[in-house]
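Just follow the structure's listing: the first ligand is 1, and inside any ligand the first atom is 1.
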Amino acid sequence: MSDTRILVIGACGQVGTELVEELAKRHGNERVIASDIRETANFDVEYVQLDVLDREATRKVMIDHNVTEVYQLAALLSATAEKNPEFGWKLNMDGLFSVLDLAKEGLIKKIFWPSSIAVFGPTTPRENTPQNTVIEPTTVYGISKFAGERWCEYYHNRWGVDVRSVRYPGLIGYKSLPGGGTTDYAVDIFHQALKTQTYECFLGPETSLPMMYMSDAVKATIDIMHAPAADIKIRSSYNLSAMSFNPAEIAREIQKHIPDFSISYEPDFRQAIADNWPASINDAEARSHWGWAHSYDLAKLVADMLENLKKQINVSA
Ligand code: SER
């Protein structure tokens, strides 16, 4: 482990922010480098500005910093990619190839790249969606993630690239904000519940989706990267699950803490995206191959989110 040098690309995003913090805790600040397209950012570890689409700049960062492992998180999420399909496809695919090709050359040893429940589409069984099933995504984001999964497996089979991936569900955390996904409501709702005790939801009350607390997602990400290579039997991407809920259910759970909280519904274009995604995920393979286990259910997640966001509001008040 002593020569491990980790680069997180897309470090300023929802996952990156928390992942950098946890990786630094485990490996030491000097072994982690955060990078993103922004000129500056506030991390306890070294930060470098990097556009992952600039292959030469990406290669230079790897060489200059002796990078051995990369977490490639830069992407346009589902809702944003629908607004800019061409760039969504470009960033999500070329961003992946940029790091896959450096690993193929032997410049980096290991890659993490996230896929998503968005790979599934209307023809996929909605409940308890298995690892191997019909996959016909209908969004640019889903198409790019599915294509990316196939390429990860291809680079592994053909050139031995050690790339590992999970299909994230909707992710919820208090340390960072989501950036343009269909599941963002499940983070926004907490901020609004504390600020105004009301929330207008862009998905309907019955729209059940797979979700996960950020600390579990970060744990899964680090666990799959630390697992022995032989345990990673799926080199496309693993189903990953913790809980499923709909907006009405999370609202009721919030009301247990904030009785005056009320929710209203104004579905927009994101409803159609959510309607084509699974309601729940079967992640038996991740659990048996590399020991994945989640800690947070809905009740625990809501209690923890509210407690931590209240603390943040008190600090900034
Ligand atoms: N949270 C993501 C999105 O909504 C799903 O991967 O786009």
Side-chain angles (χ1 to χ4, degrees), residues 10 12-19 71-85 87-89 91-93 95-96 112-122 124 126 129 135 137-149 152 165-190 201-204 207-218 220-221 224 236-247 250 267-281 283 286 294 296 301 305:
C12 296
Q14 191 196 11
V15 178
T17 310
E18 299 213 21
L19 185 64
Y71 293 73
Q72 194 329 58
L73 308 176
L76 285 199
L77 291 187
S78 58
T80 316
E82 287 312 290
K83 292 187 177 152
N84 194 349
F87 184 64
W89 176 252
L91 175 62
N92 294 1
M93 297 314 298
L96 172 60
F112 175 84
W113 172 81
S115 183
S116 161
I117 53 164
V119 295
F120 300 117
T124 302
R126 280 204 87 222
T129 303
I135 298 191
T138 52
T139 61
V140 174
Y141 180 63
I143 297 168
S144 70
K145 288 295 179 186
F146 186 44
E149 287 188 5
C152 286
S165 176
V166 295
R167 292 170 176 158
Y168 285 141
L171 300 181
I172 299 156
Y174 60 89
K175 292 182 187 167
S176 52
L177 291 172
T182 301
T183 55
D184 292 12
Y185 90 84
V187 178
D188 301 341
I189 195 171
F190 288 101
C201 188
F202 59 75
L203 298 181
T207 313
S208 284
L209 289 169
M211 299 280 188
M212 182 176 288
Y213 201 35
M214 189 59 88
S215 59
D216 277 335
V218 167
T221 305
I224 194 174
S236 49
S237 189
Y238 277 93
N239 275 9
L240 196 69
S241 168
M243 68 188 95
S244 286
F245 58 77
N246 64 35
I250 192 174
D268 66 15
F269 74 101
R270 289 168 280 194
Q271 183 68 50
I273 299 177
D275 286 343
N276 284 330
W277 286 355
S280 60
I281 297 286
D283 62 356
H294 69 280
Y296 282 83
L301 175 151
M305 279 295 283

What protein heavy atom sits nearest atom 7 (O) of ligand 1, and how far away is it? Ser78 OG, 2.6 Å
For atom 4 (O) of ligand 1, what's the nearest protein heavy-atom neighbour? Residue, atom name and distance, please. Thr182 N, 2.6 Å
Return the option from Ser116, Ala118, Gly179 holding the heavy atom at the smallest distance from atom 5 (C) of ligand 1. Ser116
May I ask you to decide if the ring planes of Phe202 and Tyr185 are parallel, tilted or perpendicular, using 30° and 60° as cut-offs? perpendicular
Numbering the atoms of ligand 1 from 1, which are under 4.0 Å from a heavy atom of Trp277? 3 (C), 4 (O), 5 (C), 7 (O)
Distance-only polar pair, side chains of Thr182 and Ser78, donor-acceptor under 3.5 Å: yes
Rounded distance [0.5 Å steps], CE in Met214 versus CG in Leu301: 10.5 Å
With a 4.0 Å cut-off, would you call Glu149 and Arg167 a salt bridge? yes
Check for a donor-acceptor pair, side chain of Asp283 on one end and backbone N or O of Ser241 on the other, with a separation under 3.5 Å. yes
Heavy atom of the protein closest to atom 1 (N) of ligand 1 (residue, atom name, distance): Thr183 OG1, 2.7 Å
Give the numbers and elements of all ligand 1 atoms closer than 4.0 Å to a heavy atom of Leu77. 7 (O)
